Amino acid sequence: MKTTTEIRSDFLEFFRGKGHTIVPSAPLVPANDPTLLFTNSGMVQFKNVFLGSEKPGYVRAADVQRCLRAGGKHNDLDQVGYTARHHTFFEMLGNWSFGDYFKAEAIAWAWELLTGVWGLPAEHLLVTVYHTDDEAYDLWHNKIGVPAERIVRIGDNKGAPYASDNFWQMADTGPCGPCTEIFYDHGEQHFGGPPGSPDEDGDRYIEIWNLVFMQFDRQPDGTLVPLPAPCVDTGMGLERLAAVLQHVHGNYEIDLFRHLIVKAAEFTGTNDLGNKSLRVIADHIRACSFLIVDGVLPSNEGRGYVLRRIIRRALRHGWMLGQKGPFFHRMVAPLVEVMGDAYPELAAKREFVERALLAEEERFAETLDSGMRIFDEVAARSQGVIPGADAFRLYDTYGFPVDLTADIARERGLSVDMAGFDQSMEEQRRKAREAGKFGNATTMPAELAAQLSPTRFLGYEQLAEDDLEVVALLCDGRPVEQIAAGDEAVVILDRTPFYAESGGQVGDAGEIDAGTTRFVVRDTQKFAGQFHGHLGTLAAGTLKRGDRVRATIDAARRDATVLNHSATHLLHAALRGVLGDHVTQKGSLVAPDRLRFDFAHFAPLSATELAEIERRVNAEIRNNAAVEVHHMGMQEALDFGALALFGEKYGDRVRVLRMGEASTELCGGTHVSRTGDIGLFKIVSEGGVSAGVRRIEAQTGQGALDYVDEEERRLEEAARLLGGNAADVSEKLRALLERQNKLERELDTFKAKAATGATSDLGASAAQVHGVKVVATRLEGFDAKALREAVDRLKQQLGDAVIVLAGASDGKAALVAGVNGSAAGKVKAGELIAHVASQINGKGGGRADMAQGGGDDGPALAGALAGVTGWVEQKLI
């Protein structure tokens with residue numbers, strides 16, 4: 001029996017022997033391809049080769065490509081775990097010819113590998129061809145010897161020419177061609193017919209290999225023009241092939257998945273290895289781990305949102321198996337055991353993947369528990385369909401992706417009103433758009449933009465410049481010929497030393513003057529992406545279009561901004577060095593008084609990590625490396641080692657900023673000449689911005705020195721208040737806290753004694769209802785914690801009992817309810833607390849045996865407590 005590891009090796013070695021270059025798997029995140037969410041097939045990394053825009057150094061290639069189908073057009077997530085062959089993550093074996101060999105070789109080698117190397121019985125193989133591809137048919141029948149009854153011609157069955165399972169096309173136009181597919185017959189004991197038959201969707205005949213022959217270029221009018229150099233693109237699913245070679249029927253029965261399923265059962269305490277939830281967990285750990293390896297972290301948008309959905313689906317299936325604690329991150333180790341040799345990057349980043357998954361598990365634990373309670377309530381009152389508004393509430397308030405809600409609903413025989421969900425989603429977007437409406441100061445009339453040449457920026461070398469022409473003036477977004485003193489306006493010059501806000505760096509401020517005319521610039525923004533607009537007020541004189549002026553920026557403000565911008569680059573490099581290469585910039589603000597840097601990371605930074613980051617940045621400042629600026633082509637810049645922001649658009653020529661050996665990035669901002677000019681770097685704060693995104697704020701230069709001085713002043717003040725000096729503040733504070741803790745413990749002891757006495761009296765006065773003791777009263781001076789402890793004591797003291805206790809402070813009442821003994825079958829604490837809370841403008845809920853809530857402290861509270869006995873009596877009848 002062949003293991004999956006042996007199958008990968010056999011495939012690559014076979015095609016290496018046929019003159020193919022072995023190419024490593026591309027990442028799951030496609031490089032420079034915004035049209036794809038994930039790498040969803042083997043051909044993705046060769047897309048530009050087929051389109052002719054890229055020329056590799058080989059004409060034959062083979063690879064094992066990791067793929068993901070869990071978002072966008074190709075989304076198999078809903079089927080995963082419920083069918084024998086659906087996966088989010090899968091591996092695709094492929095061999096490729098770029099204008100070299102064609103159908104004869106591809107077909108012959110496929111047959112040789114399947115029947116000769118792997119020994120599959122020829123009588124169990126069946127092939128399909130496109131109905132007009134006589135060449136492929138003849139090769140299979142006359143050269144390979146496949147009987148005619150096992151060759152199926154597949155026609156255009158989708159209502160349009162070439163719309164066939166056996167005709168492949170990259171898009172509506174471009175490279176395309178027929179394909180031939182190889183199927184394995186699992187035997188008549190399985191239901192299903194051959195491809196092209198009414199029963200083709202059964203489980204008897206399973207496609208294992210698809211050979212695509214790209215031989216045409218489809219024109220806009222639909223005609224096919226032969227390609228000058230036809231290509232071959234094949235794909236064979238490793239999991240399906242392993243099932244065949246290991247003599248099992250379903251993919252989840254192969255060695256790789258058996259190992260993962262056994263571990264998933266161990267980590268969730270499950271004995272039934274056939275449980276579909278174990279399949280989900282085993283599948284999802286592969287997708288999640290490799291996404292994180294390839295730089296994706298859980299978030300609320302884009303690829304990070306898809307990752308979050310997959311993680312949460314796996315966690316919910318663990319929850320269904322009774323595992324409420326973190327477990328999913330433990331699956332990374334067994335995954336490395338079975339896939340680490342084939343993918344060394346997985347083994348290298350194992351610890352990082354585990355930390356990222358654990359952080360998400362801890363974040364979702366509370367969400368899942370509270371969300372499931374809400375789902376149960378919604379499901380209980382639904383009539384077969386979860387309303388769209390409720391599905392949206394679960395998504396918006398409790399973080400439940402709608403497909404997770406649909407997944408749970410399907411298991412309970414329910415459906416989700418998706419149209420209603422979409423309507424609620426669109427309504428939220430509409431409100432957000434309305435709330436976000438504001439005047440855009442950086443717009444200008446299209447007619448004006450068409451008349452002007454782009455502003456020439458002089459500010460890399462100069463802080464002031466004479467003889468600049470006023471080419472346009474804008475007031476309230478409209479062009480004007482002149483402005484007078486007191487007017488708010490935007491001045492556009494033909495050239496300027498003023499930096500326009502871009503790349504996180506704020507725009508320059510300063511003055512524009514000509515004789516007695518003085519325009520005060522408070523900000524500089526880019527208009528239409530190419531014109532520097534100077535926003536400000538005319539303080540004196542008049543200014544007309546065509547005037548010649550002098551522009552002078554606020555040099556001190558620019559200098560301070562420059563220090564912060566250069567420090568941001570060093571900070572980015574330090575973050576990647578300390579935390580890992582997954583750190584990428586998610587936003588920044590570079591101002592004169594501070595820098596703010598947002599970055600992708602899954603957990604708060606420790607004090608040790610922050611100290612090391614700060615140390616590294618200051619070490620680079622002391623190194624006083626020269627800051628170099630290079631202008632080059634985009635690919636040349638990447639080869640040079642420049643770090644580009646994913647998703648950003650860059651031109652053919654880019655500006656590369658290099659700071660010694662520490663940092664090389666694409667950047668159009670203004671910077672110091674040497675790193676030593678920054679002086680000092682000091683981190684002021686670190687915190688979360690959103691899921692998967694952290695923020696560091698810091699200061700440099702004089703601002704950092706002022707910050708340190710202020711911290712020292714505060715330390716001296718603390719020392720004075722503690723009666724010591726700065727050197728012994730920690731010891732003085734520790735002693736003070738120990739004394740406070742001791743006093744709090746003594747106070748808790750006194751409270752407990754008082755509470756014990758109070759509950760003893762309550763037990764003696766409890767009402768009797770059908771053999772159940774009922775207590776409903778208010779206790780003065782009891783907070784929520786003390787109320788819970790009192791309820792626990794009463795439950796132990798009274799046995800069969802229903803208890804509601806109330807406490808109040810600052811006009812608000814706290815409520816705690818408990819149910820114990822024989823009453824538990826008919827009285828639920830959550831329902832009881834909700835009933836009482838509703839009468840005092842409050843709410844509450846919880847488990848059947850213990851619940852809590854709150855509301856207003858007023859006259860209604862006494863009445864609500866007085867009615868508890870009657871409510872309990874109704875439940876016990």
Side-chain angles (χ1 to χ4, degrees), residues 41-43 83-86 92-95 102-116 118-170 176-216 218 224 230-241 243-245 249-251:
S41 65
M43 65 81 58
T83 69
R85 274 168 283 279
H86 274 103
M92 187 69 78
L93 310 173
N95 59 288
F102 202 46
K103 294 181 185 180
E105 295 88 345
I107 288 173
W109 290 338
W111 193 258
E112 179 186 348
L113 180 57
L114 290 174
T115 61
W118 286 326
L120 291 182
E123 62 273 15
H124 279 265
L125 298 176
L126 177 147
V127 298
T128 63
V129 297
Y130 187 56
H131 68 121
T132 61
D133 191 358
D134 294 333
E135 181 185 3
Y137 183 95
D138 290 340
L139 287 167
W140 280 119
H141 185 51
N142 298 320
K143 184 174 181 179
I144 303 301
V146 177
E149 62 271 19
R150 292 214 305 276
I151 306 176
V152 182
R153 291 182 184 263
I154 303 294
D156 300 324
N157 55 6
K158 297 180 181 178
Y162 311 114
S164 168
D165 289 340
N166 277 67
F167 194 91
W168 184 92
Q169 42 199 342
M170 187 178 295
C176 61
C179 63
T180 181
E181 297 176 321
I182 305 173
F183 287 74
Y184 183 80
D185 179 1
H186 278 276
E188 60 185 11
Q189 68 272 26
H190 299 285
F191 169 77
S197 71
D199 297 328
E200 66 178 354
D201 290 334
D203 267 353
R204 176 174 175 177
Y205 295 89
I206 301 301
E207 177 199 342
I208 56 174
W209 205 345
N210 186 13
L211 316 179
V212 176
F213 307 122
M214 277 180 276
Q215 61 187 104
F216 302 111
R218 188 169 188 174
L224 303 183
C231 300
V232 172
D233 160 8
T234 85
M236 176 162 51
L238 174 62
E239 294 81 6
R240 292 187 177 198
L241 179 65
V244 171
L245 294 178
H249 187 243
N251 292 5

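Bear in mind the structure is a predicted one, so any value in this text is a computation, not a measurement.
Residues H141 and V146 come closest through the heavy atom pair ND1-O, 2.9 Å. Pairing each heavy atom of C231 with each of F102, the nearest pair is O-CE1, 3.4 Å. Among all heavy-atom pairs drawn from H186 and Q189, the shortest one is O-NE2, 3.2 Å. The shortest heavy-atom contact between C176 and L224 is SG-CD2, 3.8 Å. Closest of all the heavy-atom pairs between R240 and I206 is NH1-CG2, 3.8 Å. Considering all non-hydrogen atoms of both residues, Y130 and P178 come closest at CB-CB, 3.7 Å.
Looking at R204, its side chain never comes within 3.5 Å of a backbone N or O of G192 through a donor-acceptor pair. Put simply, the side chain of H124 never gets that close to the backbone of Y184: no donor and acceptor are under 3.5 Å apart. A donor-acceptor pair under 3.5 Å is absent between the side-chain atoms of D199 and the main chain of G202, judged by distance alone. Looking at H249, its side chain does come within 3.5 Å of a backbone N or O of D203 through a donor-acceptor pair. Put simply, the side chain of T234 never gets that close to the backbone of N210: no donor and acceptor are under 3.5 Å apart.
Residue-environment remark: CD (E149) exceeds the threshold of 12 foreign heavy atoms within 6.0 Å.
Considering NE2 of H190 and CG of D185, their distance stands at 9.0 Å, rounded to 0.5 Å. For the atom pair CG (L125) and CH2 (W209), the distance works out to 11.0 Å, reported to the nearest 0.5 Å. Taking CE from M236 and CD from E181, the interatomic distance works out to 13.5 Å, rounded to the nearest 0.5 Å. Taken from CD1 in I182 to CG in L211, the straight-line distance is 5.0 Å, to the nearest 0.5 Å. Note that the CG atom of L120 and the CD1 atom of I208 stand 6.0 Å from one another [nearest 0.5 Å]. The CG atom of N166 sits 3.5 Å away from the OG1 atom of T128 when rounded to the nearest 0.5 Å.
Put simply, the side chain of V129 does not reach to within 4.5 Å of the side chain of D134, judged on heavy atoms. Here the side chains of R150 and P194 are not in contact, with every heavy-atom distance at 4.5 Å or above. You'll find the side chain of K103 stays beyond 4.5 Å of the side chain of V232, heavy atoms only. Using a 4.5 Å heavy-atom threshold, the side chains of L126 and V152 count as touching. Under the 4.5 Å side-chain criterion, counting only non-hydrogen atoms from C-beta, T180 is in contact with F213. Side-chain atoms of W168 and M43, non-hydrogen and from C-beta on, do get closer than 4.5 Å to each other.
Aromatic rings of F167 and Y162 (six-membered ring for Trp) have centroids within the 6.0 Å cut-off, being under it.
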